[in-house]
Amino acid sequence: MAFFENVPKVKYEGSESTNPFAFKFYDAEREVAGKKMKEHLKFALSWWHTMVAGGRDPFGDETMARNYDGKTDPMELAKARVDAAFDFMDKLGIEYFCFHDADLAPEGNSLQERNDNLKEMVAYVKQKMQGTPIQLLWGTSNCFNHPRFMHGAATSCEADVFAWAATQVKNALDATIELGGKGYVFWGGREGYETLLNTNMGLEFDNYARMLKMAVRYARGKGYKGDFYIEPKPKEPTKHQYDFDVATCIAFLEKYDLMDDFKINIEANHATLAGHTFQHELRLARTFGVFGSVDANQGDLLLGWDTDQFPSNVYDSTLAMYEILKAGGFTNGGLNFDAKVRRASFTPEDIAYAYILGMDSFAFGLIKAQQLIEDGRIDDFVAKKYSSYETGIGEKIVKDQTDFADLEQYALSHGEPRLSSGRQEYLEGVVNSILLNGKFESER
């Protein structure tokens with residue numbers, strides 16, 4: 001019995017449709033700013049939340065059956081997940097997926113068995129990919145769940161754990177390369193500390209950088225030309241994680257001379273946990289030239305942990321797509337739905353509803369972001385706001401043609417500066433007018 005047998009082929013029907021198994025805004029072949037929607041958005045299925053997660057949260061056990069026709073043998077279950085995942089991606093027109101090694105293949109009873117299981121599963125997935133448009137967006141290794149990583153992985157105080165983690169990363173890189181992935185993510189789920197009383201922070205940072213550099217040397221030596229990503233997260237599970245936010249990651253990459261190989265994989269829920277907006281983290285990444293990929297989800301601002309909900313806030317998705325378009329769009333990255341259905345949404349159909357929600361939210365955001373850019377009022381306002389740097393003393397400042405003595409003479413001779421309004425409310429009104437004008441139907 002197919003796991004998603006009650007999910008039909010999902011097609012675009014337009015914003016007036018009431019069919020729950022239809023896209024209201026995501027029209028894959030529609031052109032926006034010279035590219036098809038599916039090329040702009042590059043939606044990816046997250047293997048861990050979609051095919052594995054059973055609804056467990058910090059206060060409750062699993063509520064969802066993810067046993068795929070009662071499979072009990074670990075490898076048979078893993079292969080049944082592959083079959084179900086490819087059926088699901090075909091039905092929703094999703095052309096990418098992302099994986100952790102631990103979600104794709106069972107742990108086994110030894111490190112060698114773990115490696116062998118992963119190789120077997122990679123071969124099975126590669127066979128399923130043949131004759132389909134489905135590609136691997138990025139891979140990664142789960143170096144945080146197992147008790148061996150209680151002190152971290154690359155930042156562990158135990159050299160044996162560092163060696164084990166390096167082995168996992170090596171094999172996950174092999175899997176990523178074998179499946180044609182264009183990205184590899186490092187999320188330091190345990191790379192942080194609980195208390196500074198027992199922490200050598202300098203050694204931990206140095207060792208984390210050593211792990212990343214080993215990964216780059218190894219993968220580049222095998223001909224890998226894709227991106228490496230760091231994914232920021234501020235807290236949970238450790239009190240302080242070393243990849244706290246985009247700014248922290250940039251400082252780390254700069255310090256250890258890793259900027260040429262690494263970009264940032266930005267998650268919306270992680271941004272809000274850090275006290276930022278999703279747009280802020282995207283803006284910072286594109287400003288510093290490290291924008292890479294996105295984990296598309298949202299958090300619950302009334303809860304203090306990573307709820308990983310499917311994105312529904314179209315204001316956030318619009319402003320996110322505004323930043324992504326301004327960054328030139330995705331190259332090797334895409335929109336990975338690092339999101340899980342709620343514990344009470346426990347049927348396979350609920351997974352389809354969730355993906356339709358997320359895909360429509362970002363399709364809406366893409367349409368509206370392009371309309372904001374074409375409208376031009378925001379860009380025009382920003383240009384005028386900083387126009388004082390285009391001529392006179394401002395131009396001299398920008399061109400490094402002045403110094404303190406000159407600036408003091410200028411300030412003394414010109415007196416109190418004249419200020420202009422920031423007009424925040426006007427600009428927010430512009431955004432509202434674009435979002436609420438109803439111009440989003442396909443013209444195909």
Basic-acidic side-chain contact under 4.0 Å: K35, E31: no
Inter-residue atom distance F25.CZ - S17.OG, 0.5 Å rounding: 10.5 Å
Heavy-atom pair with the smallest gap, counting every atom of V290 and K263: O-CB, 3.3 Å
Does R220 form a salt bridge (charged side-chain N to carboxylate O under 4.0 Å, His left out) with D261? I'd like the steps, not just the answer. CA-CA 10 Å; R220 298 295 187 223; D261 290 290; 3.0 Å; yes
Those residues at least two apart in sequence (or on a different chain) that pass salt bridge (charged side-chain N to carboxylate O under 4.0 Å, His left out) with E107 are R114, R148
Between K38 and E95, does any side-chain N to carboxylate O distance fall below 4.0 Å? yes
Using the rule ring-ring contact (aromatic ring centres under 6.0 Å, His included), only one of Y355, F43, Y12, F362 pairs with Y26; which is it? F43
Under the side-chain hydrogen bond (donor to acceptor under 3.5 Å, both in side chains) rule, what pairs show up with a residue in residues 406-424, not counting sequence neighbours? Q424-E428
Keeping T195 on the side-chain end and L197 on the backbone end, is there a donor-acceptor pair under 3.5 Å? yes
Just by modelled atom types, is the K36 backbone N or O under 3.5 Å from a matching donor or acceptor in the E39 side chain? yes
Could you check F186, Y208, F262 and say which one makes a ring-ring contact (aromatic ring centres under 6.0 Å, His included) with F252? Y208
Stepwise salt bridge (charged side-chain N to carboxylate O under 4.0 Å, His left out) check, D306 with K233: CA-CA 9 Å; D306 197 9; K233 186 178 183 183; 3.4 Å; yes
With no hydrogens and no angle check, is any side-chain donor or acceptor of S156 less than 3.5 Å from a backbone partner on A153? no
Run the side chain to side chain donor-acceptor pair (under 3.5 Å) test against Y322 and tell me which residues pass, sequence neighbours left out. D379
So do S317 and P311 actually touch side chain to side chain, heavy atoms under 4.5 Å? no
Is a donor on one side and an acceptor on the other found under 3.5 Å between the side chain of T155 and the backbone of G152? no
Donor-acceptor contact below 3.5 Å, side chain H151 vs main chain E158: no
Tell me whether K24 contacts the main-chain N or O of N19 through its side chain, where contact means a donor paired with an acceptor under 3.5 Å. yes
Whether K42 engages the ring of Y96 as a cation-pi pair (distance to the six-membered ring centre under 6.0 angstrom, angle to the ring normal within 45°) should be assessed. yes
Is there a donor-acceptor pair closer than 3.5 Å between any side-chain N or O of T176 and the backbone N or O of A172? yes
Ignoring hydrogens and geometry beyond distance, is a side-chain donor-acceptor pair present between S312 and Q298 at under 3.5 Å? yes
Sequence neighbours excluded, which residues qualify as side chain to side chain donor-acceptor pair (under 3.5 Å) partners of D243? none
Would you verify whether the NZ or CZ of K368 falls within 45 degrees of the ring axis of F364 while also being under 6.0 Å from that six-membered ring's centre? yes
Verify whether one side chain among N198 and Y193 offers a donor that lies under 3.5 Å from an acceptor in the other. no
Output all residues satisfying salt bridge (charged side-chain N to carboxylate O under 4.0 Å, His left out) with E178, sequence neighbours left out; order by chain, then residue number. K126
State the CE-OG1 distance between M89 and T50, to the nearest 0.5 angstrom. 9.5 Å
Can Y315 and N432 be counted as having a side-chain donor-acceptor contact under 3.5 angstrom? yes
Can you sort out the partners of A411 under side chain to side chain contact (heavy atoms under 4.5 Å, CB included), two or more places apart, ordered by chain and number? none
Partners of N200 by side chain to side chain donor-acceptor pair (under 3.5 Å), sequence neighbours excluded? none
Can you confirm whether D403 is buried at CG, in the sense that more than 12 heavy atoms of other residues, nucleotides or ligands lie under 6.0 Å from that atom? yes
Could you report the tightest heavy-atom contact between A285 and I266, atom names first, then the distance? CB-CD1, 3.5 Å
Residues 338-348, side-chain donor-acceptor partners within the protein, below 3.5 Å, at least two apart:
{"unit_1": "D338", "atom_1": "OD1", "unit_2": "W48", "atom_2": "NE1", "d": "2.8"}
{"unit_1": "D338", "atom_1": "OD1", "unit_2": "H49", "atom_2": "NE2", "d": "3.1"}
{"unit_1": "R342", "atom_1": "NH1", "unit_2": "T307", "atom_2": "O", "d": "3.3"}
{"unit_1": "R342", "atom_1": "NH2", "unit_2": "T307", "atom_2": "O", "d": "2.8"}
{"unit_1": "R342", "atom_1": "NH2", "unit_2": "D308", "atom_2": "O", "d": "3.2"}
{"unit_1": "R342", "atom_1": "NH2", "unit_2": "K340", "atom_2": "O", "d": "2.8"}
{"unit_1": "R343", "atom_1": "NE", "unit_2": "G55", "atom_2": "O", "d": "2.7"}
{"unit_1": "R343", "atom_1": "NH2", "unit_2": "D61", "atom_2": "O", "d": "2.5"}
{"unit_1": "T347", "atom_1": "OG1", "unit_2": "E349", "atom_2": "N", "d": "3.4"}
{"unit_1": "T347", "atom_1": "OG1", "unit_2": "E349", "atom_2": "OE1", "d": "3.2"}
{"unit_1": "T347", "atom_1": "OG1", "unit_2": "D350", "atom_2": "N", "d": "3.2"}
{"unit_1": "T347", "atom_1": "OG1", "unit_2": "D350", "atom_2": "OD2", "d": "3.0"}

With rounding to the nearest 0.5 angstrom, report the CZ to CG distance, F4 to D90. 12.5 Å
Only counting residues at least two apart or in another chain, list the ones meeting ring pair (Phe, Tyr, Trp, His ring centres under 6.0 Å) with Y242. F205
Residues in side chain to side chain donor-acceptor pair (under 3.5 Å) with K235, at least two apart? none
Passes side chain to side chain contact (heavy atoms under 4.5 Å, CB included), L212 versus F228? Steps please. CA-CA 9 Å; L212 302 189; F228 292 92; over 6 Å; no
Do E194 and T238 pair up side chain to side chain, a donor and an acceptor below 3.5 Å, judged on atom types alone? no
If you compare all heavy atoms of Q279 against all heavy atoms of E323, which two are closest, and at what distance to 0.1 Å? NE2-OE2, 3.0 Å
Between CZ of F162 and CE of M211, what distance do you get to the nearest 0.5 Å? 4.0 Å
Donor-acceptor pairs are to be reported for all side-chain atoms of residues 135-142 against protein atoms at under 3.5 Å, with residues two or more places apart or in another chain.
{"unit_1": "T140", "atom_1": "OG1", "unit_2": "V185", "atom_2": "O", "d": "2.5"}
{"unit_1": "S141", "atom_1": "OG", "unit_2": "D101", "atom_2": "OD2", "d": "2.6"}
{"unit_1": "S141", "atom_1": "OG", "unit_2": "Q168", "atom_2": "NE2", "d": "2.9"}
{"unit_1": "N142", "atom_1": "OD1", "unit_2": "F144", "atom_2": "N", "d": "3.1"}
{"unit_1": "N142", "atom_1": "OD1", "unit_2": "N145", "atom_2": "N", "d": "3.1"}
{"unit_1": "N142", "atom_1": "ND2", "unit_2": "N145", "atom_2": "OD1", "d": "2.7"}

What's the spacing between L435 CG and L319 CG if we round to 0.5 Å? 7.5 Å
Looking only at heavy atoms, what is the nearest atom pair of L118 and N171, with distance? CD2-O, 3.7 Å
Can you find a side-chain donor-acceptor pair between E267 and N297 that sits under 3.5 Å? yes
If we ignore angles and hydrogens, is there a donor and acceptor under 3.5 Å between the side chains of Y224 and D174? no
Under 3.5 Å, side chain of K91 to main-chain N/O of V7, donor-acceptor pair present? yes
Is the side chain of E231 donor-acceptor paired with the backbone N or O of N265 at a distance under 3.5 Å, no angle test? no
Using salt bridge (charged side-chain N to carboxylate O under 4.0 Å, His left out) as the criterion, list what pairs up with E13, not counting sequence neighbours. none
Between T272 and T277, is there a donor-acceptor pair closer than 3.5 Å when you use the side chain of the first and the backbone of the second? no
